[in-house]
S.K.: 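There's a structure below that I have some questions on.
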Amino acid sequence: MTADGTISIRVNGEHRRVNAGISFADLANELGLDPARVAVERNVEIVPRSTLADVKVEDGDEIEIVHFVGGGDGEPADNWTVAGRTFKSRLIIGTGKYKDYAQNAAAVAASGAEIVTVAVRRVNISDRNAPMLTDFIDPKKITYLPNTAGCFTADDAVRTLRLAREAGGWDLVKLEVLGEAKTLYPDMVETLRATEVLVKEGFLPMVYCSDDPIMAKRLENAGAVAIMPLGAPIGSGLGLQNQVMIRLIVEGATVPVLVDAGVGTASDAAVAMELGCDGVLMNTAIAEAKNPVMMAAAMKAATQAGRLAYLAGRMGKRRYADPSSPLAGLI
């Protein structure tokens, strides 16, 4: 159990934090389900429906919840959850570098993204009629994820997010604290310090970090609701340069892991998802494409394809050929 009184579990394959002492019936209600109409399995053991209100969820539980649905009604849902909030799309996109807000909004629609990152900047008081992002991307329909882009100290990052919460009431935020301007590599000492402060103040930080499994676990233990290791430097488009380390982070985490930074094209997004990441975040790869809206659609398809490939389980790699057709009975 963490200092905030929550425990970590997996529900239907998704990481989730819930209050310690919650019953299975309360968990079902929290998920919008009727406890009388579901079957629950904990750690491969059935929890009798008659006991759901009495049996408590425990830290580390692997939980499956099933119910009956009509056959032939399309593909099953493959949602993911962060800080108790569930989303269908595993693609998060940014709102910078587009030629205008209209193009940004079209890219969001093409991507199917339900979350966009937004930078916190001063209001343009010299031109109050200047267009605003909210005029094009409705925060009632798309979740805004305020970030601390451009912050190089923990104090600046915390201050920025305090202002964001005051402006829009947001507590789910993206934290990044940069070390220096050339690489935009995260300063992990300052990042961890900022995470600890934000969690104490009730924020739910999704944290941009280095590809270090040890530091990723420290961030999780500090209360980060998602771990977001870089695949390559921000805006570089180099693709995932560190697949082994990202896989280790995924294997060790009990909160969602999303690749953040370095994606350049659709195949990079697919690789991130094939590694078992819960999602992928990108901005430049879409905004600086020759056709941003078309690239957004490509990223949507790649993210979905990578996720399906991960769930399917790829074949093993072999050193030598293995014939697809049987050799027995060969003419």
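Atoms considered below: every heavy atom in the structure, side chains included; atoms not considered: hydrogens, waters and symmetry mates.
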S.K.: Heavy-atom count around Lys56 NZ within 6.0 Å, excluding the residue itself: above 12?
M.R.: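 More than 12 heavy atoms, drawn from other residues, nucleotides or ligands, come within 6.0 Å of this atom.
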S.K.: Looking at Asp187, is its backbone amide N or carbonyl O close enough to the side chain of Thr191 to form a donor-acceptor pair, meaning the two atoms are under 3.5 Å apart?
M.R.: yes
S.K.: Is there a chain of hydrophobic side chains (I, L, V, M, F, W, Y, each step under 4.5 Å between heavy atoms) that links Val108 to Phe136?
M.R.: yes
S.K.: Search all heavy atoms of Ala224 against all heavy atoms of Val255 and return the closest pair with its distance.
M.R.: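 That closest heavy-atom pairing would be O-CG1, 3.9 Å.
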S.K.: Quick one: ring-ring contact (aromatic ring centres under 6.0 Å, His included) pairs with a partner in residues 221-255, sequence neighbours left out?
M.R.: none
S.K.: Could I get the full list of side-chain contact (heavy atoms from CB on, under 4.5 Å) partners for Val55, not counting sequence neighbours?
M.R.: Phe24, Arg42, Val47, Thr51
S.K.: Would a distance-only check, ignoring hydrogens and angles, find a side-chain to backbone donor-acceptor pair under 3.5 Å from Arg10 to His15?
M.R.: no
S.K.: Say whether, by atom type as modelled, one donor and one acceptor occur between the side chain of Asp100 and the main chain of Ala102 under 3.5 angstrom.
M.R.: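 Here the side-chain-to-backbone pair exists.
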S.K.: Any idea which heavy atoms bring Asp171 and Gly202 closest together, and the distance?
M.R.: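 Shortest heavy-atom contact: CB-O, 4.0 Å.
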S.K.: With a cut-off of 6.0 Å (strictly less than), are more than 12 heavy atoms of other residues, nucleotides or ligands near CZ of Arg218?
M.R.: no
S.K.: Let me have the donor-acceptor pairs involving side chains of residues 282-297, under 3.5 Å, with sequence neighbours excluded, atom names and distances please.
M.R.:
| from | atom 1 | to | atom 2 | distance (Å) |
| --- | --- | --- | --- | --- |
| Asn283 | OD1 | Thr95 | N | 3.2 |
| Asn283 | OD1 | Gly96 | N | 3.2 |
| Asn283 | ND2 | Gly96 | O | 3.1 |
| Thr284 | OG1 | Lys97 | NZ | 2.9 |
| Asn291 | OD1 | Val293 | N | 3.3 |
| Asn291 | OD1 | Met294 | N | 3.0 |

S.K.: Looking at every non-hydrogen atom in both residues, tell me the closest pair between Ala226 and Val82 and how far apart they are.
M.R.: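 So the minimum-distance heavy-atom pair works out to CB-CG2, 4.1 Å.
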S.K.: Using modelled atom types and a 3.5 Å cut-off, is there a donor and acceptor pairing between side-chain atoms of Glu62 and backbone atoms of Asn43?
M.R.: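 Absent.
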S.K.: Quick check: closest heavy atoms across Ala216 and Ile227, and the distance to 0.1 Å?
M.R.: O-CD1, 3.6 Å
S.K.: Passes side-chain hydrogen bond (donor to acceptor under 3.5 Å, both in side chains), Ser8 versus Arg17? Steps please.
M.R.: CA-CA 5 Å; Ser8 177; Arg17 284 196 173 276; 4.9 Å; no
S.K.: Within the 4.5 Å heavy-atom criterion, are Val18 and Glu30 side-chain neighbours or not?
M.R.: yes
S.K.: Between Glu201 and Arg162, does any side-chain N to carboxylate O distance fall below 4.0 Å?
M.R.: yes
S.K.: Is any side-chain heavy atom of Met245 less than 4.5 Å from a side-chain heavy atom of Pro229?
M.R.: no
S.K.: Do Met228 and Val116 sit in the same hydrophobic cluster, where Ile, Leu, Val, Met, Phe, Trp and Tyr count as joined when their side-chain heavy atoms come under 4.5 Å apart?
M.R.: no
S.K.: Evaluate the criterion side-chain contact (heavy atoms from CB on, under 4.5 Å) for residue pair Met188 and Asp212; output intermediate values, then yes/no.
M.R.: CA-CA 10 Å; Met188 294 311 302; Asp212 179 347; over 6 Å; no
S.K.: Side-chain contact, heavy-atom cut-off 4.5 Å: Leu145 with Leu172?
M.R.: yes
S.K.: CD1/Ile142 to CD1/Ile137 distance, rounded to the nearest 0.5 angstrom?
M.R.: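 Ile142 atom CD1 to Ile137 atom CD1 measures 7.5 Å (nearest 0.5 Å).
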S.K.: Side chains of Ile92 and Leu258: closer than 4.5 Å at any heavy-atom pair?
M.R.: yes
S.K.: Does Thr143 reach the side chain of Phe87, with side-chain heavy atoms less than 4.5 Å apart?
M.R.: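 Thr143 reaches Phe87 side chain to side chain.
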S.K.: For Thr81 and Arg16, test the side chains for any donor-to-acceptor distance below 3.5 angstrom and give the result as yes or no.
M.R.: yes
S.K.: Just by distance, do the side chain of Glu190 and the backbone of Ala154 share a donor-acceptor pair under 3.5 Å?
M.R.: yes
S.K.: Starting at CG of Asn12, measure out to CD of Glu41 and round the result to the nearest 0.5 Å.
M.R.: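 One gets 10.0 Å once the value is rounded to the nearest 0.5 Å.
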S.K.: Given Thr117 and Ile93, is the side-chain contact (heavy atoms from CB on, under 4.5 Å) satisfied, shown in steps?
M.R.: CA-CA 6 Å; Thr117 59; Ile93 70 173; over 6 Å; no
S.K.: Is there a chain of hydrophobic side chains (I, L, V, M, F, W, Y, each step under 4.5 Å between heavy atoms) that links Val38 to Leu31?
M.R.: yes
S.K.: Within the distance-only criterion (no hydrogens, no angle test), does the side chain of Thr265 pair as donor or acceptor with the backbone N or O of Ser267 below 3.5 angstrom?
M.R.: no
S.K.: Residues in side-chain contact (heavy atoms from CB on, under 4.5 Å) with Lys317, at least two apart?
M.R.: Arg314
S.K.: Please step through side-chain contact (heavy atoms from CB on, under 4.5 Å) for the pair Val259 and Leu281, ending with a clear verdict.
M.R.: CA-CA 6 Å; Val259 163; Leu281 188 153; over 6 Å; no
S.K.: Pairing donors with acceptors under 3.5 angstrom, does anything connect the side chains of Thr148 and Thr160?
M.R.: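 Per modelled atom types, Thr148 and Thr160 side chains form no pair under 3.5 Å.
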S.K.: Using side-chain heavy atoms (C-beta onward) and a distance below 4.5 Å, is Tyr208 in contact with Asn147?
M.R.: no
S.K.: For Glu180, which residues count as a side-chain contact (heavy atoms from CB on, under 4.5 Å) partner, sequence neighbours excluded?
M.R.: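 Residues passing side-chain contact (heavy atoms from CB on, under 4.5 Å) with Glu180: Lys182, Thr183.
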S.K.: Working to the nearest 0.5 angstrom, can you tell me the gap between Asn79 CG and Thr86 OG1?
M.R.: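 Rounded to the nearest 0.5 Å, the CG-OG1 separation comes to 6.5 Å.
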S.K.: Given the rule in the side-chain contact (heavy atoms from CB on, under 4.5 Å) test, do Cys277 and Val250 qualify, once you have shown the distances and angles that lead to the verdict?
M.R.: CA-CA 6 Å; Cys277 292; Val250 170; 3.9 Å; yes
S.K.: Considering all heavy atoms of both residues, which atom of Leu52 and which atom of Pro35 are nearest to each other, and what is their separation?
M.R.: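 Looks like CD1-O, 3.7 Å.
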S.K.: Going from OG1 on Thr153 to CG on Leu178, what distance comes out if it is rounded to the nearest 0.5 angstrom?
M.R.: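 The CG atom of Leu178 is 10.5 Å from OG1 of Thr153, to the nearest 0.5 Å.
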S.K.: The criterion is side-chain contact (heavy atoms from CB on, under 4.5 Å); which residues satisfy it with Ala253, sequence neighbours excluded?
M.R.: Glu220, Val257
S.K.: Return the orientation label for the Trp170 and Tyr144 ring planes: parallel under 30°, perpendicular over 60°, tilted otherwise.
M.R.: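 If you compare the ring of Trp170 with that of Tyr144, the planes turn out parallel.
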S.K.: Is the backbone of Ile63 close enough, under 3.5 Å, to the side chain of Asp61 for a donor and an acceptor to pair up by distance?
M.R.: no
S.K.: Is there a side-chain contact between Leu192 and Glu196 (heavy atoms, below 4.5 Å)?
M.R.: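 The answer is yes, as the side chains (C-beta and beyond) meet within the 4.5 Å cut-off.
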S.K.: Quick check: does any side chain N or O of Asn29 sit under 3.5 Å from a backbone N or O of Ala25, one acting as donor and the other as acceptor?
M.R.: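 Answer holds: yes.
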S.K.: Is it the case that one hydrophobic cluster holds both Val199 and Val225, taking links as side-chain heavy atoms less than 4.5 Å apart, direct or via other members?
M.R.: no
S.K.: Within this structure, what is the CG-CG distance for the pair Leu238 and Leu230, rounded to the nearest 0.5 Å?
M.R.: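 Reported to 0.5 Å precision, the distance equals 10.5 Å.
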S.K.: If you take all heavy atoms of Asp268 and Gly237, which pair is closest and at what distance?
M.R.: OD2-O, 4.5 Å
S.K.: Please determine whether a side-chain nitrogen of the Lys or Arg among Lys174 and Asp260 lies less than 4.0 Å from a carboxylate oxygen of the Asp or Glu.
M.R.: yes
S.K.: Would a 4.5 Å heavy-atom cut-off, applied to side chains only, mark Asp78 and Glu14 as touching?
M.R.: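 Yes, their side chains come closer than 4.5 Å.
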S.K.: Quick one: CG on Asp211 to CG on Asn242, what's the gap to the nearest 0.5 Å?
M.R.: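 One gets 4.0 Å once the value is rounded to the nearest 0.5 Å.
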